[in-house]
Amino acid sequence: MEFLRSIGITEIVMQFMLINAILGLSMYLVLYTGMFSLANAGFMSIGAYTGVILTQNFDQPLWVGLLGGMAVAGVLAVPIGLPVLRLKDIYLAIATIGFGEVVRILILNFDTLAGSLTGESVRLTRGALGITGIPKITETWHLAAFLVVTGFIMIRLHRSRFGRAMAAVRQDEPAAANMGINVVYTKNMVFIMSAVLAAAAGVLKAHLTRTISPGDYGFDQAVSILAFAVLGGTSTWVGPLVGGFVLTALPEVLRDFKQYRGIVNGSILLLVIVYLPGGLVNPAGWSQLWTRLRGKKQGDTLTAEVS
Amino acid sequence: MLELRSVSRLFGGLQALNQVNMLVPAGKVVGLIGPNGAGKTTLINNISGLDHPTSGEILFNGTPIHMRPPHHIAQLGIARTYQNIRLFGEMTALENLLISQHGRGSASILDALVFTPRYLREERRLRDTASDLLERFHLTQVAKLRAGNLPYGDQRRLEMARALGTQPKLLLLDEPTAGMNPVETEALGEQILRLVREDGLTVLVIEHDMSLIHQVCDEIYVLNFGQIIAQGTPDEIKRNPQVIEAYLGQDEE
Ligand SMILES: Nc1ncnc2c1ncn2[C@@H]1O[C@H](COP(=O)(O)OP(=O)(O)O)[C@@H](O)[C@H]1O
Ligand SMILES: [Mg+2]
């Protein structure tokens with residue numbers, strides 16, 4: 001603990017690391033099924049707002065807010081997923097970015113919209129300023145427990161019929177369908193699971209940061225979540241978890257670099273992407289890098305001898 | 001078992017299948033031959049549900065299947081292989097065979113989560129079936145290797161094993177001997193005949209290799225520019241002048 005704090009990883013940093021690991025896993029689920037979806041930030045926002053409205057306006061405990069946020073995101077994932085998941089690759093990415101924008105704008109104008117529909121003055125999402133003064137009731141152990149349960153689900157998923165279907169859909173959709181796998185069902189189920197996880201992270205984070213506004217869940221957030229998964233690597237579920245940890249901790253660990261922190265941080269990420277294209281958690285990638293480095297060294301001595 | 005009634009498939013202006021009528025009786029091996037681009041793969045895509053006819057009907061044991069999604073058709077008992085191998089390359093041979101049994105299982109994610117007896121029993125059953133298939137297709141040694149890294153011959157056999165993992169009644173084979181030498185081709189022919197005799201399967205096989213066709217087929221259909229131009233026993237087809245002109249003559253160049 002003392003050591004962690006000395007390198008800049010305070011309790012709040014650790015809490016964000018745990019939250020971002022959960023977000024990384026929510027990204028992992030869709031990528032593992034071959035879906036390049038960037039909808040997670042939007043679902044995170046739906047979760048956060050639902051959860052906060054439950055705890056603030058309806059005086060519910062955190063766990064009700066958590067379950068409520070997860071449920072609303074999960075239900076909304078159905079009508080979003082059904083049309084959007086017919087798209088693939090970059091088209092799916094763009095459509096899901098569009099979804100994120102729609103969510104942002106709806107939440108931004110929710111009070112006005114609801115007000116004009118009901119004829120009463122509504123104060124729920126509170127426009128661009130967002131909600132402030134949210135009680136800080138998320139604790140580290142909540143996050144740790146949530147992550148442990150999620151990790152267990154990941155392990156079991158990979159040993160299940162459904163998890164195997166996910167991998168099959170990613171690798172060859174038509175062949176998977178010919179094996180009796182319902183591709184549409186598989187994709188939509190995974191999309192729902194991913195939305196539910198993102199929403200949970202949203203609720204837990206909102207009760208930590210104490211303020212939320214629609215702008216917190218835009219394109220930047222969507223890309224950050226993608227980065228957790230890509231940097232960590234998606235060959236196993238541990239990758240995005242580690243990606244979430246590392247990407248969150250790195251800027252803090254590098255705080256001694258003062259104004260050069262951004263450059264050092266960016267350079268490290270760049271090096272990882274270039275030299276470990278499979279991500280941080282990818283044994284094959286490390287061993288390739290290792291042989292490459294050793295190969296270079298041997299080459300150097302060889303030329304030295306010749307000259 | 002399988003009946004095609006005036007099946008047509010248009011791709012834009014291209015008539016890939018033109019009023020195809022075909023009958024595949026239970027317990028028989030039916031061959032489908034024809035030059036490249038004749039529409040053979042398109043026909044198998046339409047039967048297996050990856051593609052759907054523009055018009056016409058496909059009946060499987062009397063049930064119309066031409067508008068069904070592919071996973072329904074698989075569960076009804078139709079399996080296939082592909083002209084270009086389509087294994088799940090990042091997974092092991094064993095995992096490929098577990099996936100193939102997807103439609104034969106029913107354990108949900110929740111079952112897997114809390115280790116219900118149903119899940120445990122089903123996993124054991126799937127693994128048993130998979131090891132039987134591995135043994136039968138001489139793949140036990142490579143069970144734990146990535147399918148994409150296997151030698152070509154192993155991949156071909158694994159694809160066949162994977163099709164059988166769905167427990168089909170009808171097996172569609174799209175040029176199964178492509179890239180095989182004569183010895184391997186004959187062994188595959190024996191394998192096909194065993195499947196029919198011992199497992200009671202029905203087979204529709206697309207093939208260029210006439211020796212295999214003669215070895216295994218009870219009946220042959222000849223497709224040219226999307227149309228069936230001839231139909232008969234292997235000996236009848238060999239003597240049919242139209243076929244010789246459209247296909248066999250060309251093949252012997
Ligand atoms: N998805 C598709 N879109 C457009 N044209 C196609 C498609 N699939 C096949 N074709 C065309 O249909 C014809 C028949 O192709 P195919 O069934 O693959 O022939 P074969 O298997 O007999 O060699 C070819 O001219 C091919 O270019
Ligand atoms: Mg073909």
Side-chain angles (χ1 to χ4, degrees), chain A residues 29 31-34 74 82 85-86 148-194 196-197 233-237 239 278-279 282-285, chain B residues 44-45 47-51 68-82 84-92 94-115 118-120 122-123 126 146-148 159 162-163 165-168 172:
Chain A
L29 286 175
L31 289 179
Y32 188 75
T33 317
L82 279 173
L85 296 178
R86 294 158 187 257
V148 167
V149 171
T150 311
F152 176 72
I153 293 175
M154 293 290 158
I155 294 172
R156 295 311 303 154
L157 198 58
H158 286 83
R159 305 219 191 301
S160 77
R161 189 168 150 267
F162 186 81
R164 288 190 294 259
M166 288 165 63
V169 168
R170 177 188 76 236
Q171 291 176 54
D172 192 329
E173 234 178 275
N178 280 148
M179 299 291 110
I181 293 168
N182 186 340
V183 174
V184 175
Y185 170 82
T186 306
K187 285 183 164 186
N188 278 278
M189 270 308 273
V190 171
F191 192 67
I192 294 169
M193 284 160 44
S194 169
V196 166
L197 265 188
T234 50
S235 54
T236 81
W237 64 272
N282 180 11
Chain B
I44 284 204
N45 284 345
I47 300 170
S48 64
L50 291 188
D51 189 17
R68 299 256 188 128
H71 65 274
H72 274 179
I73 293 174
Q75 286 175 12
L76 284 175
I78 300 181
R80 66 172 291 179
T81 64
Y82 305 84
N84 305 306
I85 297 176
R86 297 185 81 148
L87 289 165
F88 303 115
E90 295 167 30
M91 283 186 259
T92 66
L94 174 67
E95 284 167 327
N96 270 270
L97 295 179
L98 292 177
I99 286 171
S100 73
Q101 301 174 67
H102 183 89
R104 304 295 157 210
S106 59
S108 71
I109 315 171
L110 291 179
D111 286 314
L113 221 55
V114 296
F115 300 89
R118 173 155 78 140
Y119 164 77
L120 294 170
E122 183 174 295
E123 279 301 292
L126 300 190
R146 273 167 63 120
E159 212 190 34
R162 190 181 63 167
T166 68
Q167 298 177 23
L172 313 171

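Protein chains get the first letters and strands the later ones, always in sequence-line order, with residue 1 at the start of each. Worth saying up front: this structure is predicted, and the values here are computed from it rather than measured.
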The ring-ring contact (aromatic ring centres under 6.0 Å, His included) partners of B:Tyr82 (sequence neighbours excluded) come to none

A:Arg156 and B:Glu123 ion-paired at < 4.0 Å: no

Atom OH of residue position A:Tyr185 - does it have more than 12 heavy atoms of other residues, nucleotides or ligands inside 6.0 Å?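 12 or below, so no.
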
Is it the backbone or the side chain of [X] that comes under 4.5 Å from a heavy atom of chain A, or both, or neither?
| X | value |
| --- | --- |
| B:Ile73 | neither |
| B:Ala107 | backbone |
| B:Leu76 | neither |
| B:Arg162 | both |
| B:Ser48 | both |

Tell me which of these, [options], has more heavy-atom pairs under 4.5 Å with chain A than the rest.
| options | result |
| --- | --- |
| B:Gln101, B:Glu95, B:Met91, B:Arg104 | B:Met91 |
| B:Gly89, B:Pro69, B:Ala79, B:Pro70 | B:Pro70 |
| B:Leu87, B:Asn45, B:Ile78, B:Leu98 | B:Leu98 |

When you measure from the side chain of B:Glu90 to the backbone N and O of A:Gln171, does any donor-acceptor pair fall under 3.5 Å? no

Distance-only, no hydrogens or angles: does the B:Arg80 side chain make a donor-acceptor pair with backbone N or O of A:Asn178 under 3.5 Å? no

Segment of A:Met193 engaging chain B (4.5 angstrom heavy-atom cut-off):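 Just the side chain, heavy atoms under 4.5 Å.
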
Could you tell me the separation between the CE atom of A:Met179 and the CZ atom of B:Arg86, rounded to the nearest 0.5 Å? 10.5 Å

Roughly how far apart are A:Arg164 CZ and B:Leu126 CG, rounded to 0.5 Å?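 These two atoms lie 6.0 Å from each other.
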
Can you tell if the side chain of A:Arg159 reaches within under 4.5 Å of the side chain of B:Phe115, non-hydrogen atoms only? no

With a 4.5 Å heavy-atom cut-off, do A:Thr186 and B:His71 have their side chains touching? no

Please report the closest heavy-atom contact between [X] and [Y], naming both atoms and the distance.
| X | Y | value |
| --- | --- | --- |
| A:Ile181 | B:Ile99 | CD1-CG2, 3.8 Å |
| A:Ala177 | B:Ala74 | O-CB, 4.2 Å |
| B:His102 | A:Ala165 | CE1-CB, 3.6 Å |

Top contributor to chain B interface from A:Leu157, A:Val183, A:Asp172 [non-hydrogen pairs under 4.5 Å]: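 That would be A:Asp172.
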
